[in-house]
Amino acid sequence: MLALVKTAPGPGLSLETVPDPEVGINDVLIRVRKTGICGTDLHIESWDPWAARTINPPLVVGHEFVGEVVETGSNVYDFSPGDIVSGEGHVTCGLCRHCMAGRRHLCAHTVGLGVGRDGAFAEYVVLPATNVWNHWPGVDEDVAAIFDPFGNAVHTALAFDVLGEDVLVSGAGPIGLMATAVAKHAGARFVVVSEPNPVRRALAERMGATVTVDPRERTLASVAEELGMVEGFDVAMEMSGNATALRSAISSMAHGGGIAILGIPTAEIPIDINEIVFKMLTVKGIYGREMYETWYKMTVMLQSGLDITPAITHRFPFREHEAAFATARSGDSGKVILDWTA
Ligand code: NAD
Ligand code: ZN
């Protein structure tokens with residue numbers, strides 16, 4: 001099969017012919033149809049310090065996908081050829097305390113698809129059946145291809161109750177964009193999106209942001225005042241990984257507010273703990289998606305009218321992967337899709 005491979009340590013990815021993946025007795029073999037490019041793939045492609053200490057080439061990269069089931073292992077009864085599925089890219093151990101209790105998202109022994117095992121930027125991918133999510137007939141395949149980052153958005157957006165609340169989204173990358181729409185769908189009053197990139201601020205408006213703000217030009221306090229907010233934000237979603245963004249979020253919270261942190265900083269961030277103590281804030285780290293409550297919520301919200309399609313801005317045939325990666329890296333894009341059927 002053809003696959004996008006990190007063949008050796010160093011920058012770059014190449015389209016290679018590699019053996020089809022082997023199907024174990026508990027596995028599902030999937031013919032990949034569409035994939036989404038994630039920041040993780042950009043890190044692996046450019047071979048930054050994280051990639052250099054994490055990735056063991058040769059490796060097929062990629063973890064955001066939709067595809068069609070073509071074969072199942074002898075132990076698998078719940079999937080049939082032709083099913084349209086996506087995959088939960090965190091393959092958990094199944095044996096630890098959390099896995100045994102059904103809290104698989106808390107497993108400390110997770111292996112990442114396209115990170116610690118061969119991934120989905122390929123004509124075929126294999127996953128344990130317990131990591132495969134069956135879509136409903138007629139699902140929009142572009143949306144299904146990005147269930148993984150959409151799940152990050154939903155996991156973060158539903159970490160605190162947003163019904164009737166005033167919400168801050170820091171960072172309008174693909175995940176912040178989707179979280180904006182989720183927060184509106186879930187009943188937030190105001191969703192203020194802070195993002196320096198004007199292309200992404202415009203996308204955030206299409207996703208339903210009440211107000212977008214360039215944090216270099218305007219304070220969050222002035223936005224809160226303009227909107228007539230009584231005290232500050234009730235809920236903040238940190239989706240930038242940026243130190244200044246986190247500090248401004250903490251400073252603009254109402255007493256008793258909740259901050260869900262998804263963004264991954266590249267260095268330690270000093271913060272004033274006094275603000276957390278005296279405002280009695282709750283800070284929650286978010287990793288991946290809850291298995292599979294988040295997946296369930298994603299599905300039912302799409303079925304009840306949530307629209308995340310404006311967050312998808314570019315589509316490329318898989319052979320044009322270099323242009324697709326460059327587009328994703330530029331920042332002047334939402335989600336970038338690679339089509340493996342083209
Ligand atoms: P992204 O890098 O495309 O988006 C981050 C955005 O933050 C950019 O648009 C950038 O312009 C903006 N930003 C930079 N400085 C800012 C500031 N001071 N204030 C407001 N915004 C600012 O990333 P993404 O793919 O949307 O992912 C969002 C974050 O979540 C990233 O940090 C990513 O590494 C992280 N992530 C975490 C998980 C997890 O499981 N915890 C999973 C996926 C991604
Ligand atoms: Zn486990």
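Since this is a predicted model, take the numbers as computed values, not measurements. All heavy atoms count here, side chains included; hydrogens, waters and symmetry mates do not. For ligands, and for the atoms within them, numbers begin at 1 and follow the listed sequence.
Atom 11 (O) of ligand 1 is flagged as protein-proximal [any protein heavy atom, distance under 4.0 Å].
On a distance-only criterion, Asn242 and ligand 1 share at least one N/O pair closer than 3.5 Å. In terms of polar-atom proximity, defined here as any N/O pair under 3.5 Å, Glu195 does make such a contact with ligand 1. In terms of polar-atom proximity, Ile264 is counted as a contact of ligand 1, with an N or O under 3.5 Å from an N or O of the ligand. Not a single N or O atom of Asn197, backbone or side chain, sits closer than 3.5 Å to an N or O atom of ligand 1.
Here the shortest heavy-atom pairing between Ile37 and Ala328 reads CG2-CB, 4.0 Å. The minimum heavy-atom distance linking Gly334 with Leu177 is given by the pair CA-CD1, 4.3 Å.
Of all protein heavy atoms, the one lying nearest to atom 22 (C) of ligand 1 is Pro196 CD, 3.3 Å. In this structure, atom 28 (C) of ligand 1 lies nearest to the protein heavy atom Met239 O, 3.2 Å. Distance from atom 1 (P) of ligand 1 to its nearest protein heavy atom, with residue and atom name: Arg200 NH1, 3.9 Å. Nearest protein heavy-atom neighbour of atom 37 (C) of ligand 1: Leu262 O, 3.1 Å. Given atom 20 (C) of ligand 1, the protein heavy atom at minimum distance is Ser194 O, 3.2 Å. Of all protein heavy atoms, the one closest to atom 4 (O) of ligand 1 is Gly173 CA, 3.4 Å.
Using modelled atom types, one finds a donor on one side chain and an acceptor on the other under 3.5 Å when comparing Asn131 with Arg104. A donor-acceptor contact under 3.5 angstrom links the side chains of Trp295 and Glu88, judged on distance only. One side chain, Thr309 or Asp307, offers a donor N or O that lies under 3.5 Å from an acceptor on the other. Inspection of the Glu16 and Thr7 side chains reveals no N or O donor paired with an N or O acceptor under 3.5 Å. When only modelled atom types and interatomic distance are considered, Asp332 and Ser330 share no side-chain donor-acceptor pair under 3.5 Å. Between the side chains of Thr299 and Trp136, no donor-acceptor pair is found at a separation under 3.5 Å.
Within 6.0 Å of CD in Gln303 there are more than 12 heavy atoms belonging to other residues, nucleotides or ligands. For Lys297, the NZ atom counts as loosely surrounded, since its 6.0 Å shell holds 12 or fewer non-hydrogen atoms of other residues, nucleotides or ligands.
Applying the 4.0 Å criterion to heavy atoms of Gly288 picks out, from ligand 1, the atoms 39 (C), 40 (O). Below 4.0 Å from some heavy atom of Asn152 lie the following atoms of ligand 1, by number and element: 40 (O), 42 (C), 43 (C). In the vicinity of Gly171, heavy-atom distances shorter than 4.0 Å reach the ligand 1 atoms 6 (C), 7 (O), 12 (C), 20 (C), 21 (N). For ligand 1 and Gly263, the ligand atoms under 4.0 Å from any heavy atom of the residue are 29 (C), 30 (O), 32 (O), 35 (C).
At a 4.0 Å cut-off, not a single heavy atom of Gly331 sits close enough to ligand 1 to count as contact. Ligand 1 is never approached by Gly39 to a heavy-atom distance shorter than 4.0 Å.
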For the pair His90 and Tyr287, evaluate ring-ring contact (aromatic ring centres under 6.0 Å, His included) and give the outcome as yes or no after the intermediate values.
CA-CA 10 Å; His90 288 178; Tyr287 182 54; 4.8 Å; yes
Test ring-ring contact (aromatic ring centres under 6.0 Å, His included) on Phe278 and His255 and set out the steps.
CA-CA 8 Å; Phe278 290 112; His255 281 219; 9.2 Å; no
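Using cut-offs of 30° and 60° on the angle between ring planes, the pair Phe121 and Phe325 is perpendicular.
Ile30 places none of its side-chain heavy atoms less than 4.5 Å from the side chain of Tyr124.
Sorted by chain and number, the protein atoms of type N, O or S within less than 2.8 Å of the Zn ion (ligand 2) are Cys93 SG, Cys96 SG, Cys99 SG, Cys107 SG.
Counting heavy atoms under 4.0 Å from ligand 1, residue Pro215 touches it through the side chain alone. By the criterion of a heavy-atom distance under 4.0 Å, both the backbone and the side chain of Ile175 are placed next to ligand 1. Residue contacts with ligand 1 for Ile286 involve N, CA, C or O but no side-chain atom from C-beta outward (heavy atoms, distance under 4.0 Å).
Between Lys34 and Glu64 no salt bridge is recorded (no basic side-chain N to carboxylate O distance below 4.0 Å).
In the hydrophobic clustering of this structure, Ile276 groups with Leu220; members are Ile, Leu, Val, Met, Phe, Trp, Tyr whose side-chain heavy atoms approach within less than 4.5 Å, directly or through other members.
The closest non-hydrogen atom to atom 7 (O) of ligand 1, taken over Ser240, Ala245, Gly176, comes from Ser240.
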